[in-house]
Amino acid sequence: EPESPRRRPDRRRTVRGRGYQFPDWAYKTESSPGSRQIQLWHFILELLQKEEFRHVIAWQQGEYGEFVIKDPDEVARLWGRRKCKPQMNYDKLSRALRYYYNKRILHKTKGKRFTYKFNFNKLVMPNYPFINIRSSGKMQTSLGGE
DNA sequence: CACGGAACGG
DNA sequence: CCGTTCCGTG
């Protein structure tokens, strides 16, 4: 990749790749150079990926990218533990999620309690290639194709 | 509960 | 920028 060493303008910039367009946020990794802190949306995907947290947070079958926080207190506790913020709670965590609305990362599923939806409609995230949410709720990632 | 402004800090 | 904290409003 022709990465320029300059700082990114950090707008809603898109990057072209083989016919697809990816938003900037899709490129951010947990361990970026300079060791950037973990992003909340990344942490959410991390939990959704693991079956041991299915009673805490899980994909909603039916709607692609939609997930339900089944135990808000627990998700907040886990997030607080990760960020070393013991006072974290769902009120604060949900404020952070709301900031994602303008960034087009998430939106709220209105009417459904604790239910949000990722905006990866039809877009493929390079860091999570080919995400498939099956009816079982399991998320599969594969590196095939490309 | 959900929303978004405001102040603040790393 | 990316949340964290706090809070008034619906």
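In what follows, chains carry the letters A, B, and so on, assigned in the order in which the sequence lines appear, proteins first and then strands, with residues in each chain numbered from 1. The figures that follow rest on heavy atoms only: side chains count, while hydrogens, waters and symmetry mates do not.
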Among residues 91-101 of chain A, which residues get a heavy atom nearer than 4.0 Å to DNA chain C?
A:Asp91, A:Lys92, A:Arg95, A:Ala96, A:Tyr99, A:Tyr100
For a 4.5 angstrom cut-off between non-hydrogen side-chain atoms, does A:Trp41 reach A:Leu106?
no
Distance, rounded to the nearest Å, where A:His107 contributes NE2 and B:dG4 contributes P
14 Å
Could you tell me how far apart A:Gln39 (CD) and C:dG3 (C1') are, to the nearest whole angstrom?
9 Å
Would you say a side-chain N or O of A:Lys110 is under 4.0 Å from OP1 or OP2 of B:dC1?
no
From CE of A:Met88 over to P of C:dT4, roughly how many Å is that when rounded to an integer?
4 Å
Exercise answer: donor-acceptor pairs, residues 86-98 of chain A side-chain atoms, under 3.5 Å, sequence neighbours excluded:
residue, atom, partner, partner atom, Å
A:Asn89, OD1, A:Asp91, N, 3.1
A:Asn89, OD1, A:Lys92, N, 2.8
A:Tyr90, OH, A:Tyr116, OH, 2.7
A:Lys92, NZ, A:Gln87, O, 2.9
A:Ser94, OG, A:Tyr90, O, 2.8
A:Ser94, OG, A:Asp91, O, 2.9
A:Ser94, OG, A:Arg98, NH2, 2.8
A:Arg95, NH2, A:Tyr99, OH, 3.3

Against A:Leu48, only a single residue in A:Phe53, A:Phe43, A:Trp59 fulfils side chain to side chain contact (heavy atoms under 4.5 Å, CB included); can you say which?
A:Trp59
Interatomic distance where CG belongs to A:Leu106 and P belongs to C:dG3 [whole Å]:
11 Å
Nucleotide B:dA2, atom P - distance to CD1 of A:Ile69 in whole Å
9 Å
With a 4.0 Å cut-off, would you call A:Glu74 and A:Arg77 a salt bridge?
yes
How many whole angstroms separate atom CG of A:Asp73 from atom C1' of B:dC1?
13 Å
Does a nitrogen or oxygen in the side chain of A:Trp79 sit under 4.0 Å from OP1 or OP2 of C:dG3?
no
For C:dT4 and A:Lys85 - does any side-chain N or O of the residue sit under 4.0 Å from the phosphate oxygens OP1/OP2?
no
Take atom CD of A:Gln87 and atom P of C:dT4, then tell me their distance rounded to the nearest Å.
13 Å
In whole Å, what is the span from the NE2 atom of A:His42 to the C1' atom of C:dC2?
15 Å
Note, A:Ile38 side chain near A:Trp79 side chain (heavy atom, < 4.5 Å)
yes
ILVMFWY network linking A:Val68 to A:Phe118, side-chain heavy atoms under 4.5 angstrom:
no
Could you tell me whether A:Lys83 contacts a base, only the sugar-phosphate backbone, or nothing, with contacts defined as non-hydrogen atoms closer than 4.0 Å?
sugar-phosphate
Is a side-chain N or O of A:Lys117 found less than 3.5 angstrom from the main chain of A:Phe67, in a donor-acceptor match?
no
